[in-house]
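We number each residue from 1, following the sequence as shown. None of these values were measured; they are calculated from a predicted model. For the numbers below, each heavy atom of this structure counts, side chains included, while hydrogens, waters and symmetry mates do not.
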Amino acid sequence: MAQRTEPDEPPEELVGPLERGLAVLRAVAAGPGTRQRPGDLARTTGLARSTVDRVATTLLRLGYVRAEERDLLLAPRAADLGNAYLSSTGLPEAVGPHAVALADALDESVSVAVPDGDGVRFVAQAARRRAMAISFRAGDVLPAERCAPGALFAADWADAEWETWRARHLKDPLDAAFPAVPPRTPSVSTSDANSVESDFRARADRSRMDGWAADDQLIEAGLIAVALPVRDATGAVVCAVSVVSHTSRHDIDSLADIALPPLRAAVAAMEAGLAAAPAAEREAPPAGPGAAELKEELGAGFLQSLARGLDVLCAFGAVRGPARLSELARLTGLPRATARRSLITLRHLGYVREDEDGFRVLPRVLELGHARVSGLTLVEIATPHLAELVVRVHESASVAVLDGEDIRYVARVASSRIMHIDIRVGTRLPAYATSMGRVLLGALPEEERAALLAGVTPEALTPHTVTTPEALAEAVAETARRGYGWVEQELEEGLRSLAAPVTDGRGRVVAAVNVALHAGRRSAEESLAALLPHLLGTAAAISADLAAVSRWSPVRVS
């Protein structure tokens, strides 16, 4: 991975729990699988098992990791750390929409990458959905010498940066520390380092003269790309935009011929967007559990200084560009001295840089799990919450999306009752007769809702089914007003269902979550009182996780 820029000796004001906590979080993110055992983390980090346990307890309560039996997994809230970097740069707003438009126009994948030490880290991807797809994720890091953006960034390197790159390459000639790319073949040895460097320097020199760079199967056979730099108002390169294709579609010359003209136009628009973006404070960072309250609850098992350091890191997302110590202290509610110690630690670890105009969060923050969690689907986000809901209420729970006039089940956890609701993922049901359908219909704009309902001919599925257009429209409107859906035996005799909306980070209803049960178990009033608080809490938890993951990356349903 990209080299750190940290001093040899730790500073006197280093916050030890923050350093150790980030080491554990980094190990969870970088592990060979999605799950890590505390014992494995102790061996990976070199920390005592008791220290790992305290860190894990803290990260669990803060929501950055979750537990399944004895395993630890990254939780969606880990995306907040990478989101802080992305928000502070202004790149997603200024560059992202133009990258998507370029991908649509060329019908090729487009990626955006930033320099990260002697590596290149992706921050955005507009990929084409094909059988032979590009699989890089926001947060993945590549060796600079093995991609087109790397040549663009290296064109401005000084001698010290080349020395750093050379030391890394000599230490890891097969690129084993870069899991996002296939390793070099074992035939590559230290004696080849000069030829690798010579080729890399030649490509950097050529990109300086030509203004663009090519990747002719440097990453893997068949994969090609052309890239242009995006500069800020001072002329400094802030990122590179690549059009990526495959040799089954183009060779490098034909790709350059068709891609460079629209790519140049897109880069000009991106640079204009960066120049126009105000360096103003953004919304406050997401509020997590109160560190002081958790410390009081858990005592020595909770590392308050770790929680405070992560709050400081997230606070960068509320400020465009460099952040002053006073700003970060105010945003986190911490004393200046406490925030300063966290910043000193983050600077030592290579996550923050101090400039004359303030502190800047660096792209290395994306290594703290962003690549993994930014690729989560709605199903992956929702399913753990459904499982927890089923444990609490002992009834089956599901998530569905609107699909035309129907709802389509996309996630489900069944209860362990002998008599339970037997519905499978993929099942489609008429939206008008289901609680989730009425939630989703109620979230539509009024004109769109009216047009959709006008095309529905409700069928009397049971004697309780609402079938008249007027009554159905009122039932949907009432669902929207009260904020949850309730259907009593309208889809099937004896079946009662309660649903709540799931929203994304922009407040749009994108799905619904429900609990279904047999109506004979208790009265309607008792069911509502017992289930609604748990259901609303689950919907809020799924929505919060979805907001974190979808902040700068689109989330697929499955």
Side-chain angles (χ1 to χ4, degrees), residues 2 86 89 91-92 94-116 119-130 132-156 178 180-182 200 203-204 206-208 210-231 237-271 273-274 363 366 371 374 552-553:
L86 295 171
T89 65
L91 289 175
V95 174
H98 299 293
V100 172
L102 181 62
D104 290 340
L106 292 173
D107 193 27
E108 300 287 359
S109 294
V110 173
S111 62
V112 181
V114 296
D116 186 5
V120 170
R121 198 174 291 271
F122 287 101
V123 296
Q125 183 90 293
R128 301 293 87 186
R129 297 295 296 275
R130 295 195 178 100
M132 193 175 297
I134 310 302
S135 60
F136 294 127
R137 307 162 298 179
D140 279 337
V141 63
L142 275 62
E145 69 275 16
R146 289 184 64 182
C147 58
L152 295 172
F153 301 147
D156 293 332
F178 294 86
V181 297
F200 186 27
R203 287 189 291 110
R206 181 173 178 179
S207 72
R208 188 186 304 110
D210 295 345
W212 62 280
D215 170 359
D216 193 357
Q217 306 180 74
L218 295 169
I219 296 174
E220 67 178 12
L223 188 65
I224 58 175
V226 294
L228 283 177
V230 177
R231 301 179 184 274
V237 176
V238 293
C239 67
V241 183
S242 303
V243 176
V244 187
S245 190
H246 195 271
T247 51
S248 60
R249 294 170 60 83
H250 292 284
D251 60 27
I252 197 66
D253 292 329
S254 68
L255 180 62
D257 287 342
I258 70 155
L260 284 178
L263 180 54
R264 289 190 176 99
V267 165
M270 294 172 182
E271 291 176 343
L274 280 173
L366 294 168
S374 65
W552 299 118
S553 302

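- Separating the NE2 atom in H246 from the OG atom in S109 is a distance of 11.5 Å, to the nearest 0.5 Å.
- For the residue pair W552 and P92, the shortest heavy atom distance occurs at CE3-CB, 3.0 Å.
- With rounding to the nearest 0.5 angstrom, the CG atom of L106 is 8.0 Å from the NE2 atom of H250.
- Among residues at least two apart or in separate chains, salt bridge (charged side-chain N to carboxylate O under 4.0 Å, His left out) pairs with a member in residues 143-155 are E145-R168, E145-R184, R146-D175.
- The main-chain N or O of D140 is never found under 3.5 Å from a side-chain atom of R121 such that the two would form a donor-acceptor pair.
- Each of V100, L263, V241 was compared with V110 under the side-chain contact (heavy atoms from CB on, under 4.5 Å) criterion, and only V241 meets it.
- Nearest heavy-atom pair, A240 versus P149, reported as atom, atom and distance to 0.1 Å: CB-CB, 3.7 Å.
- Taking CZ of R203 as the start and CG of L152 as the end, the distance is 10.0 Å to the nearest 0.5 Å.
- L274 has its side chain within reach of V238: a pair of non-hydrogen atoms, C-beta onward, lies under 4.5 Å apart.
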Going through the checks in order, is the side chain to side chain donor-acceptor pair (under 3.5 Å) test met by D257 and S254?
CA-CA 5 Å; D257 287 342; S254 68; over 6 Å; no

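- In plain terms, the two heavy atoms of P115 and P363 that are nearest each other are O-CG, 3.5 Å.
- Remark: L142 CG to S111 OG distance equals 9.0 Å, nearest 0.5 Å.
- Judged by distance alone, with hydrogens and angles left aside, the side-chain atoms of E271 form a donor-acceptor pair with the main-chain N or O of R231 at under 3.5 Å.
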Working note: T89 + V114, criterion side-chain contact (heavy atoms from CB on, under 4.5 Å); need CA distance, chi angles, decisive distance, verdict.
CA-CA 11 Å; T89 65; V114 296; over 6 Å; no

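- Nearest heavy-atom pair across A256 and W212 is CB-CH2, 4.0 Å.
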Donor-acceptor list for residues 213-230 side chains, cut-off 3.5 Å, not counting sequence neighbours:
residue : atom : partner : partner atom : Å
D215    : OD1  : Q217    : N            : 3.3
D215    : OD1  : L218    : N            : 2.8
Q217    : OE1  : G222    : N            : 2.7

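- Across all non-hydrogen atoms, the minimal contact from C147 to P143 is SG-O, 3.8 Å.
- Considering CG of L86 and OG of S553, their distance stands at 7.5 Å, rounded to 0.5 Å.
- A distance of 10.0 Å separates CD of E108 from CG of L102, quoted to the nearest 0.5 Å.
- Between V123 and C239, the closest side-chain pair of non-hydrogen atoms is not below 4.5 Å.
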